[in-house]
Peer 1: 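The structure that follows is given in the form of structure tokens.
Just follow the structure's listing: the first ligand is 1, and inside any ligand the first atom is 1. None of these values were measured; they are calculated from a predicted model.
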Amino acid sequence: MFKQVKKRLTFLYTISLLCLLFLFIGILYFLISHEINQKQVDEVNGYFSKEKMDFIEDLYEKKHRGVEYDPNRTIFYYVYNQEGNLRYGKEVFQNLVGQIKKTEGNSSIKRMEWGKKHLLLVKKTLVINGVMHGFVVLGMDITGEEHVIQNITWTLVGMTLFFSLLFAFLGYFFAGQAMIPIKRAFLKQEKFVSDASHELRTPLSIFYGSLDFLQREEKLSAYGLEVLADARVEAELMNKLINNLLFLARSDKKELPLRLENVNLSELLENTCKRFSRRKAESIALITNIQKGIYLRCDELKIQQLISILLDNAFRYTIEGKIIVSLDTRIERLIITIEDTGYGISSTDLPHIFDRFYRADLSREKGGTGLGLSIAKSIVDAHGGKISASSIEGEGSKFIVFFSREK
Ligand code: ADP
């Protein structure tokens, strides 16, 4: 149980820390790359504002000057007239002009790869006093900045991996720390239950002895005998409760002794069903569907106790209808099913019925203690099996127990 809680806590801590990490790294990446990109765009825009008038003048020069090659420039540009014909330009990379697809819209920003180079292209319209003269495509080499962004990305990925591992370790450590007081409180409570049940046994057996003694007294009135019978019923209930608590306390401490032997499970089920059918109400049909000759290596008494708990519940929570008990084998598994057409269990109660002292629908008082199914589960767990319940309220319930055959 502690292992599972610790696992869950580790998972929760790690996921919370990782979410914070991803958020932080995402924001950091966005801010850095946005800042670098914006700087490049601002530089091109600044150049355009400075040179805008010159671009328009270039546009109307009679002489077609073509494109000048100047590898030492930072910003290159190509000026087009309204018809989209190239009039003039200054380029840093030869033959690039043919690759530049005239970007759509009046003003757009584009990033492209050209060979090993990364380029930023910004298209600007040349408009003065509302009159459109043409447009210019400006660009700059941003390979250096792209490499910086790539390096930052890889560094952040590396950091994410490193911190994920660190956070998983921290999550595990914090979960361990959080478990210490929980474990201490649980062990204390476990010890209390175990000690209290032990201490209560002696006064209870004295109480029993006194009841026996009183019953042998001849002078008791009819009313006195009635009171005595009531006291015996209550004492038996208390005895059952104490034994159940002791059983669970031992199971928690992993001190549940198992006397494993090869048991004919088919016979065990048949006999237990027979015992129950003798005292069942007429309105209930007990149907058995038990495969013969099935053996299980188990503690016979405990498995009998498990079947009795499930059958006892089925009979207690069914007024009329049928109870079907079956035993089946499927590949490596052995399956016991106990199904009834009784009250059923609501979907809000169903997830809790294996909890200690949990009793669904208290208005339907049936004299239970709420420990039966927790004991059933601990018996199944001790044998390495699994137990599950399904139910539809008002229609009935089905309990399935699985055992692996090797066990
Ligand atoms: P109890 O002693 O109250 O029967 P259990 O641990 O055996 O305690 O069962 C827990 C609760 O689950 C019961 O109070 C009952 O409401 C519900 N329950 C168990 N088995 C059945 C069943 N076959 N049909 C309907 N309800 C059931």
Peer 1: Evaluate the ring planes of Phe354 and Phe399, with Trp represented by its six-membered ring, and classify them as parallel (under 30°), tilted (30 to 60°) or perpendicular (over 60°).
Peer 2: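 Plane angle over 60°, so perpendicular.
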
Peer 1: Could a heavy atom of Gly344 be found less than 4.0 Å from some atom of ligand 1?
Peer 2: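 For ligand 1, residue contact (heavy atoms, under 4.0 Å) with Gly344 is present.
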
Peer 1: Ion pair present between Arg356 and Asp252, side-chain N to carboxylate O less than 4.0 angstrom?
Peer 2: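 Yes.
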
Peer 1: What I want to find out is whether Asp141 reaches Lys117 closely enough, with some N-O distance under 4.0 Å, to be called a salt bridge.
Peer 2: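 Lys117 and Asp141: salt-bridged.
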
Peer 1: Between Leu310 and ligand 1, which residue portion shows a heavy-atom distance shorter than 4.0 Å: side chain, backbone, both, or neither?
Peer 2: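 For Leu310, there is no contact with ligand 1 at all, from either part.
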
Peer 1: Heavy atom to atom 3 (O) of ligand 1, shortest distance: which of Glu339, Arg356, Arg359 holds it?
Peer 2: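 The option holding the nearest heavy atom is Arg359.
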
Peer 1: Heavy-atom contact under 4.0 Å between Phe399 and ligand 1?
Peer 2: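 Contact check Phe399 vs ligand 1: positive.
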
Peer 1: Is there a side-chain contact between Thr74 and Tyr47 in this structure, where contact means two heavy atoms from C-beta onward sitting under 4.5 Å apart?
Peer 2: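 SC-SC contact between Thr74 and Tyr47 ruled out.
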
Peer 1: In terms of ring plane angle, is the pair Tyr343 and Tyr317 parallel, tilted or perpendicular, where the classes change at 30° and 60°?
Peer 2: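 Aromatic pair Tyr343/Tyr317 classed perpendicular.
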
Peer 1: Tell me whether Lys123 forms a cation-pi arrangement with Tyr78, defined as NZ or CZ under 6.0 Å from the six-membered ring centre and within 45 degrees of its axis.
Peer 2: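 Output no; distance or angle outside limits.
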
Peer 1: Tell me which one of Tyr343, Tyr317, Phe357 gets a heavy atom nearest to atom 4 (O) of ligand 1.
Peer 2: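 Nearest heavy atom to atom 4 (O) of ligand 1 lies in Tyr317.
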
Peer 1: Return the orientation label for the His352 and Tyr358 ring planes: parallel under 30°, perpendicular over 60°, tilted otherwise.
Peer 2: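 Aromatic pair His352/Tyr358 classed tilted.
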
Peer 1: With a cutoff of 4.0 Å, is Tyr358 in contact with ligand 1, counting heavy atoms of the residue only?
Peer 2: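 The answer is yes: ligand 1 sits under 4.0 Å from a heavy atom of Tyr358.
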
Peer 1: Measure from atom 8 (O) of ligand 1 to every heavy atom in Ala389, Gly370, Ser391 and give the option owning the shortest one.
Peer 2: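 It is Gly370 that holds the nearest heavy atom.
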
Peer 1: Out of all atoms in ligand 1, which are within 4.0 Å of some heavy atom of Ser397? Include the element for each.
Peer 2: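 Answer for ligand 1: 22 (C), 24 (N), 25 (C).
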
Peer 1: Please identify which atoms of ligand 1 are closer than 4.0 Å to at least one heavy atom of Ile345.
Peer 2: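 Near Ile345, the atoms of ligand 1 are 18 (N), 25 (C), 26 (N), 27 (C).
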
Peer 1: I need the atoms of ligand 1 closer than 4.0 Å to a non-hydrogen atom of Arg316, numbered in the order shown.
Peer 2: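 Contacts of ligand 1 toward Arg316, numbered from 1: 1 (P), 2 (O), 4 (O).
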
Peer 1: Is the shortest N/O to N/O distance between Ile309 and ligand 1 below 3.5 Å?
Peer 2: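 No: no nitrogen or oxygen of Ile309 is under 3.5 Å from one in ligand 1.
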
Peer 1: Measure up the Phe167 and Phe163 rings against each other and bin them: parallel (under 30°), tilted (30 to 60°), perpendicular (over 60°).
Peer 2: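 Tilted.
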
Peer 1: Could you work out, for atom 20 (N) of ligand 1, the closest of Ile353, Leu350, Asn313 by heavy-atom distance?
Peer 2: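 Result: the heavy atom closest to atom 20 (N) of ligand 1 is in Asn313.
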
